[in-house]
Structure formats: structure tokens, C-alpha cells
Amino acid sequence: MGLSDVFTLVCVVAGAILFLAGTLGLLRFPDTLSRLHALSKADNLGLGLIVLGLLPLQASLMGGVKLVCIWLLAQLSAATATQLIAGIAARRKPQA
Amino acid sequence: MSLLFDIALVAGLIALALHVVVTRDGRGAILAFIAFGLLLGIGWARLASVDVALTEAAIGGGLTGMLLLRAHAHLAREIPPEAMSRAVPRSWLAPAIACGLVTLALGAVVLAFPQPAPSLAHQAVASLETTGLGNPVTAVLLAYRAIDTLLEKIVLILALVGVWSLSRDAAWGGASQLRPAVIPEPLVFLARVLPPFGVLIAVYQVWVGADLPGGTFQAGTILAAMALLVMLAGLRPAPQTQSKALRVMLAGGPALFVLVGFLGVAVAQGFLSYPEAIAKPLIVGIEAALTLSIAGTLALLVAGPPDRAPAP
Amino acid sequence: MTPAYAATPGGLLLVLAVMLPAAAALVMLVLGPRHTRLVALIALALGLVVALATGLQLVRSQTALIYVLGNWQPPLGIALRADGLSVMMLAVSAVVMAATGLFARELFGLDLATADGRLATSFWILLMGLWSGLNLVFVSQDLFNLYVALELLTFAAVPLVCLDGRGETMAAALRYLMFALLGSMLYLLGAGLLYGAYGTLDIRLIASASHHGPAMAIALALMIPGLLAKAALFPLHLWLPPAHAGAPAAASAVLSALVIKAPVFLILRLVADIAPPGSAAVAGQVLAVLGAASILFCSVMALRQERLKLMIAYSTVAQIGYLFIVFPLAGVGDGTAPWGTIAWTGGALQLTSHALAKAAMFMAAGIVAEAVGHDRIRDLGGFGRVLPLTATTFGLAGLSLMGIPPSGGFIAKCLLLTAAAVGGHLWLALTILVGGLLAGGYVFRVMDRALATPVEPLLLRKPIPLRLEIIPLVLAVLAVALGFLPLEPFGLLQIGRPDSALAVSP
Amino acid sequence: MSALALTSASLFGLCGAALVGIGLFGIVSHPDLLRRIIGFNILGAGIFLVFGAVARRGAAMGLGGDPVPQAMVITGIVVAFAATALAVALLRRLASLTGSATLDAATPATPPRSDA
């Protein structure tokens, strides 16, 4: 097992733990905004760590670029979705 | 290890499906169904069908989910709450037993499939050379069983004509109202940033689809999603359904397919056979035209019947 | 290895039969409302020519027509094949479609404001889709390709039902869609199981397999009920009366005359061509019981309807029942060749004469509704005095439904009755007789109103041009003319039977 | 083809069988039409998984599965989507016209809505 494999293992396990924590937060936190917070943490960092860990395994540069693109696109959609949900939550709040 | 993963995946799928069917919350059922579609996409990847996985994730989870959510919102507006709650629950025991029996019989058949399994993989690969393609799934869709794909496009167009026919007489030929009353700022941002990537990915999908997983359906779905995003964000209005350019785009793919099909009668070995020397360019050309047609049809199917009178 | 199928001369006609209407639909979509009708009429004329040429080619060659699409041999590719029965279906479809097209042209032409509107334009495109799907059902040899054909039918037929845009017809269309989708899904599931067991979906290749496992039985047990839901056999008929009664008259005519025949045709192929003899015999018995129940129950229901179109729709379910009692009468599954029997000919004639008579009847009902403004049977007193040709049409078509000579229905029912008596199926003979009496009841009920002298004369809401009345009359006369055929098995129906590569005559 | 892949194929085949049962139950037991439409989609997913299991079992020639059933599934998914779209459009129109989302109460007897 080379150094790069250790790196991959550590990163992916850390990413998976973050996802687990994010999911727990989604289920356990009391209100919409803090749930969103937990979720976006998992998305940002968790997915980022997993992508980072997988980078050394890529045979070609193109594969690495694609992985990074996946992360960027996921970031973009997650950020938008989070904003949208937060916006709806903020509009609903005053009435509640 | 991988079997454990499969078991967990299957358990998740069945649990989600059960939740979708038994929950009392209509919106929750739709959300669970979307999650189900995404999970199913992973299942297809586990079955080594990347082409199907892409299609399922895009259509099963994405577009169908959007369609259902829009319908749910519409019904909530149109139907008085007392009418919603009035629905009498039906007896469930007899149907449950009957459906259980169907599952058992199916399970028995699945386990009793012959061993070794019959497969057309050999023939499909052996004939690949004459098509010039590298992806056998694309070869099945565009060559061996091209008639299925062609007529399925006609099915899509009939569905669209059917959906359009549900408009009011005054609105027929007009456009659908997709733009919400209030457009959230982040959505507009997304609709500006994402489509260039989407178009790039779609072009890439059609191009590699000849040799690798991907192809016209997947690319068409991505394009449809981009078009819907742009229309939802109010950047561009939904097109008039009577627009000639739109209709040429919708009919163009299948029309080209039919023309090339009959060209085969004249210069190759019959209807829907391609001259071997130019088989691959012909197929990629048909795929490109089909992609646009599919994208337009899928997006307009989600948009629904026109509800604004056509502009003169 | 010799290929499973060898293309025959004229095989390309089968491709044309499927692709011509499909291409016409595409052209209509692009050209837009003003040219739709013209394109439709051209396509209908060409389609008639194709059907005629197919028939001539079949009679000349005396073997089934075969085409291998893209020259890809099954199991990898798909073959089209038309034997005598298929060609008969192609021809009947072409005739009914052409008549419907002419009828719709006149009917929509009555109101110039809507002649190029939503209803008419959608109708023409959907009609072409329907025709393409029908022709494919009759000629395809591949079970998945047949699934696509069934879906073409579903997606064209369902919107036709609710073209008038009323709430009731929406509900009818939705119910129809639910039944049709469930049917397609079950059919598709069965096809998947067959592929898993045989590695092919070609009907001929599956039929030639030597060993049948549990997959075959379960697949048939899924596919046949699925198709029954589409064919609206009792007790799965609930969707049909509101759907067929609610559609515009021209659409009702094709839905009732042709569309429900497609699943029946497929059941016939599954039972007679694929099922192993034991399963076929069992399936035949069950289908016959359901068919008999359909005849009796839905004839009674037809008798009790207050609306003319609903009555005709229930009569459709009853008349479809006759097609299912053919299975035991023709001895499907007992090792003999069913297509040489009089019951098989009777079934084919019933199919044809019902298609012609029912299309005529729905068109006549459409004329009445258009002229009077409603179709309540009670208030139609004396419509025969103001619309004599339409009343005649109704009466002639009724002759065929009742099975009174001279009519195609008479020959059909006479052949079936003879087969039942000879084969010792007394309960089926009794069903045929009672069904005929009940049909007489509901036809006479309408004719009685037609010829009645009303207290106040019936007023026509709008004048009905002669051309509109002539078209259904021609169909009804054709249904009657079938009654002059000889009472014996048709040679035409035996062309291309049995379907196997080995049995090709030298 | 390895025994493991075979087991996995059978597993997904059984999952398909289960989904068919669940989908059928959803279709027959729900009066709410939107829920029935979702039931159809689950039934479809189950059927496609059976095809997928068949395809996976037919893996050969270096392919992960038999491409013919895989292609059929792609066609089937698109058709199922079109069916869903048509059903949803019909349902929306029905609800607008009658104020009901079930077929049981789809009579025009519902009083017209006043808040429109």
C-alpha cells in the first residue's frame, strides 16, 4: 500500500464521516436553517474530500478534471438549492 | 462486500417504494419517489448498465419528479381541501395479498431463469463492425432495433400532441406559462451559469455515445432540463407551440430518421439499413437531430398544455 | 446457419403500411393546421393503395409477406410478417380509416370556425398515429416492437377520447389511460420474462423452442390479462363505455371498430402461435368463459342504456366477446390446425363485419347527435323521418350485429353456432343465440324510436349534407354484403399458416 | 461471468419483483390519481429492473450485460415518462374542470369554485 493509497483512504473515510454527520444533522436539528447548514457542510466538504481522495487514482489528467468538474457542479446546485430553501423558510417565518 | 452494498441498496429501494405507496402525505410521496429514482440510478450502475443509469437518473428522478411536483402544486390550488380529505380509503387486504402473489410468482421465475443465461451479447458485438460504432447499446438503439427507437419518437410526439390538445380552444397554439410569479434570485443565477455546461455535456454525450455509455436520450434529457431551467427563471419565455421553427425542431429528428431509413432501401440493404462506409456518420447525424427533438419534446411535455392565447 | 426469415417480394409494403401514416403525422406537425386535412387525405389514399397492393401480392404469391428490417436477422433484429389474417386486418383498417377520414372531413367542415382548430387538427395527427400503431400490431413479429405498437395506440387513442374538453370525457380518458397503461406494463413484464428465458423476443423463434419453463406460463398469465384490459373484455370493460361514448363520433368509430381489435389480435397470436398446447387449451377455455360473460352481461347493459352512444359502446364489449369464444370452437391448443376450421373463419368474419358495422353505427349516432343536439334515445322519436339515410344505416348495421341474414354478422354467427353445435359446446351455442336476441332487443329499441310518430316533430338543429350520411351507409352496406360470402373456411386465412420457417412451401 | 455477479443480478431481479408488487398495490389501492400515477412509475421501475437482471445475467464478450434488454429499458423509460406527462396533463385538466383528483367523484356535480 503506497502513500497515495493511504491518502485516498484517509480522505474518503473523512468525507464519508462528514456525510454521516451531515445526515444526522439533517434528521436531528430543530429548524430549517440549521438543517441546511448541516447539509451544505456535508456537500461541500464531504464531497470535496472524497473527490480529493480519488484524484490520485485517476490514470489520466482528463479523469481528474472531470472529477473536479463534478465537485464544482455539485457545489453550484447545492448552493442554489440551499439559497432557494432558505429564502422560502425566511418568507414563511414571519407568519409562523 | 459489494454484495452487502447491493443488499443495502435493494433494501433502500424497497423501503422507499413502500414509503411512497403507504404514506398519507402526497408531497412527501413525490419527494421520496425522486430519491427512489436517484437510488435506482445507482442500482443500474451496479447492474453494469451505465447507459440506463444515466437515463434513469435524468428522467426517472429529475424530469418525472419535476412533473409530479408541479402537478401536486396545481392540484393543491385547484381542489378545495375538503374534497381532498373526502377520499374514502379503499380496502387494502385483498389487493395486498394479490400483489404479494404476483411478486412471489415473479420472484420464482427470476430465480428459475435458465443457466447459462441466453444472451445476444455475442451477436451484438459481432455485428458492431458493420455499424462503425463502439457502444453496443447505441448499436441496438440505432441499428439492430432502429424501428423501435424511431417509432418511440413518434410515441413521444403523439404524447405531446395529446398534451397540447388538452388546452382551452383559445390557448391552443399559444405558450405555456412556466415562469412563476416570484422568481428567486439564486435561480436566475443558476439559469445563467449552468446552461453552457449543460449544452457542453449534452454535446459530449452525443459524441461519445457512439463508442462509450451515453447517447441521444441522455443528452436530450440534459438539454430539456437546461431549457426548463431557463424558462423557469424567466430568462426566456416558453415558446409558442404553433411556432414553425419549434415544430421543425420537434419533427426534424424522426423525419431525418425516416428519410435515412428509406435511403437504405435505395443504396443499402433495405429500410433502416445503413451503407457500411458511411454508417457511423449517418448514425451520429441522426442522433444529433434526435437529441434536439427529444430535448424539445421532453421539455414541452413537462411544461404542459399551452395556457396563453397565441400571439398573432 | 440459415437465417430465420427470408424476405419475400413485396415485403417493403409492410414497412410502408407502418411508416406512411407515421411520416404523415410528422408532416402535419410541421405544416400546421391549414394543411393537416389535405395531408391526411393524401395519406389515407396512399394507405388504401398500399393495403390493396399487399392483398394482391399475398394472393399472387400464396405465402406470407416477410420483411427483415435493416437486414438484421432476428433474434438481433426485427422481422415484419403478414399472413392471410394480418393482411385481412390491414385491409379492414385501411377501409375503415379511409371512411373515417372522409366522414371527419365532412363533419369538421360543417363548422368552418373550428375546421382548422384544436379539435380537428389534433384529431388528424392522432388518427395517423393510431393507424401506424394498428398496422404495426398486425405485421410485427417481435414482442417488444409490439409493445411499442401498443403504446402508439395508447398515446393516440387516449387524447382522442377527450378532444371535446369536457370534465366527464377527461375522467373517461384518464380511466382509459390507467387501464391501457396497466395493460402495457403487464405485457412488457411478460415480454421481459420471455426474453430472460429464451434470449429472443421473436415470436417464431420463441415458438420453435423445444422446452418451456415456468417463465412461459407466468408470462402468458401476465400478458393475456394485460391485453384483456386493453381489449375491454368483461370484467375489465368498465373504462370502455364512457370513453367510446364521449369521444367525437369519428374517433369513436375507429376506437370501437379497430383499436380494441389490436389487443385481441395479439392475444390470438400469443395463444395460437406461442403458447404450448396445454397452456393454450386452458387459456382458450378461460377466455371463452369471459367472452360468453361479456356477450350476455354487456348486451343486457346495452339494452338498459338511455344514451345512444353509450348503448353502442356497450354493444361493442358484447360483440368483442364473440371473438373470444372462437378459441375452444376452433380447437386452439388441441393439436389440430385451428385456421382451417369454420370457427376460425367465423371469428375473422365477426371481426371484419363488426368493424364495418360498428364504425357505421357510431358515425350514424354522431350524425344524429350533431343534427338533434343530444343522443337521449327516449327523445329521438321520429328521427328516421328527418334523417332517413342515417336510420337506414343504423338498421343495416344492426342486422349485422344481431346476426340476421343477409349480413356479415349472420355468416359469422352462423359459422360459430355450427362449430359450437358440432363440437358439442352447447353452452356456447346457447350464448350465441341469446346474445343475438339481446342485440335484436337493443337495435329494435332504437329503430322503434326512429320510425315512431312523435307528438311534436323532431327539429333539426342544423342541416346535414347528404355526403355526410352516405359514408356510414356505404360501410353498413359493406357489412351486409359480407353476408353473401360462402359458408365455408376461407382459403385466405390459411395463407402463411402455420408460422414456421420449415413450412414454407417450395 | 462470476457467481457474485449472478447473485447480484438475481438480487436486483427479486427487487424488481418486489417493486412490481408494491407499484401494483399503489395503483389499485389509492383513490388519489396522482398517487396512482406514482404507483405506475414504481411498477415501471420494477419491470425495468427485471429487464436489468436479465441483461446482467447475459454478460459476455467483455460487456457488463446483454445490450439488447438494456436498450429496451432506455426506450421503456422514455415511454413511461411520456405516459406520466400525458396522465399528469389529463389530471390537471380534470382538476381544473371538476375540482376533483379522483375518478370516483369526477361528476360535474361539484359546485363551481368561487375564489378563482
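Below, read A as the first sequence line, B as the second, and so on, with proteins coming before strands; counting in each chain starts at 1.
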Cut-off 4.5 Å, heavy atoms of chain D, and the answer for B:Leu298 is both

Interface check, chain D: of B:Leu301, B:Thr297, B:Leu9, most non-hydrogen pairs under 4.5 Å belong to B:Leu301

Heavy-atom closest pair, residues B:Leu47 and D:Ala53:
CD1-N, 4.4 Å

Determine the minimum heavy-atom distance between D:Ala95 and B:Leu75, stating which atoms define it.
CB-CD2, 3.3 Å

Among the options B:Val22, B:Val52, B:Val110, pick out the one with the most heavy-atom pairs lying under 4.5 Å from chain D.
B:Val52

Derivation and outcome, side-chain contact (heavy atoms from CB on, under 4.5 Å), residues D:Ser10 and B:Leu111
CA-CA 7 Å; D:Ser10 298; B:Leu111 292 178; 4.2 Å; yes

Below 4.5 Å from any heavy atom of chain D, which atoms of B:Ala124 appear? Answer side chain, backbone, both or neither.
side chain

D:Arg35 and B:Thr23: side-chain contact (heavy atoms from CB on, under 4.5 Å), yes or no, with the steps?
CA-CA 10 Å; D:Arg35 301 294 293 277; B:Thr23 180; 3.5 Å; yes

With only heavy atoms counted, which part of B:Pro136 is less than 4.5 Å from chain D, the side chain, the backbone, both or neither?
both

Atom pair CZ (D:Arg92) and CZ (B:Arg70), whose distance is rounded to the nearest 0.5 Å
5.0 Å

Mind listing the closest non-hydrogen atom pair of B:Ser49 and D:Gln70 along with its distance?
OG-NE2, 3.0 Å

How about D:Leu90 and B:Val163: do any of their side-chain heavy atoms sit closer than 4.5 Å?
no

Which atoms of B:Val102 approach chain D - backbone, side chain, both or neither, heavy atom under 4.5 Å
side chain

Is there a donor-acceptor pair under 3.5 Å between the side chain of B:Thr55 and the backbone N or O of D:Ile74?
no

Spacing of B:Ser119 atom OG and D:Arg56 atom CZ [to the nearest 0.5 Å]:
11.5 Å

Please confirm whether the backbone N or O of B:Val21 pairs with a side-chain atom of D:His30, one donor and one acceptor, at under 3.5 Å?
yes

How far apart are the C-alpha atoms of B:His74 and D:Arg93, what are their side-chain angles, what is the distance that settles it, and do they pass the side-chain contact (heavy atoms from CB on, under 4.5 Å) test?
CA-CA 10 Å; B:His74 178 90; D:Arg93 192 90 175 101; over 6 Å; no

Side-chain donor or acceptor of B:Arg46 paired with backbone N/O of D:Phe12 under 3.5 Å
no

d(B:Leu63 CG, D:Ile77 CD1) to nearest 0.5 Å is 12.0 Å

For B:Phe33, which atoms come within 4.5 Å of any heavy atom of chain D: side chain, backbone, both, or neither?
side chain

Roughly how far apart are D:Leu49 CG and B:Leu40 CG, rounded to 0.5 Å?
5.0 Å

D:Thr75 and B:Glu152: side-chain donor and acceptor closer than 3.5 Å?
no

Chain D: which of B:Val50, B:Val155, B:Leu68, B:Leu13 shares the most heavy-atom pairs with it under 4.5 Å?
B:Leu68

Do D:Ser8 and B:Asp6 meet the criterion of a side-chain donor-acceptor pair at a distance under 3.5 Å?
yes

Least distance between heavy atoms, D:Pro67 atom then B:Ala121 atom
CD-CA, 3.9 Å

Pick one of side chain, backbone, both or neither for B:Val125, based on which atoms fall under 4.5 Å of a heavy atom in chain D.
side chain

Most heavy-atom pairs under 4.5 Å with chain D, out of B:Ala139, B:Ala96, B:Gly304, belong to B:Ala96

Which pair of non-hydrogen atoms, one from D:Ala60 and one from B:His122, has the smallest distance, and what is that distance?
CB-CE1, 3.7 Å

B:Gly26, B:Pro118, B:Ala159, B:Ala71: which one forms the most heavy-atom pairs within less than 4.5 Å of chain D?
B:Ala71

Between B:Trp44 and D:Phe48 the two heavy atoms that sit nearest each other are CH2-O, 2.9 Å

Side chain from CB out, backbone as N, CA, C, O: work out which of these in B:Ile7 comes under 4.5 Å of a heavy atom of chain D, or both, or neither.
both

Measuring from atom OG1 of B:Thr64 to atom CZ of D:Phe40, what distance do you get when rounded to the nearest 0.5 angstrom?
14.5 Å

Considering only heavy atoms, which portion of B:Tyr144 lies under 4.5 Å from any heavy atom of chain D: side chain, backbone, both, or neither?
neither

Supply the atom-to-atom distance D:Ile22 CD1 to B:His19 NE2, rounded to the nearest 0.5 angstrom.
12.5 Å

Sort out for me which of D:Gly26, D:Gly65, D:Gly52 touches chain B most, counting heavy-atom pairs under 4.5 Å.
D:Gly52

Name the option with the most non-hydrogen atom pairs under 4.5 Å to chain B; the candidates are D:Ala85, D:Ala83, D:Gly64.
D:Ala85

Steps toward side-chain contact (heavy atoms from CB on, under 4.5 Å) verdict (D:Phe25, B:Thr103):
CA-CA 11 Å; D:Phe25 181 75; B:Thr103 293; over 6 Å; no

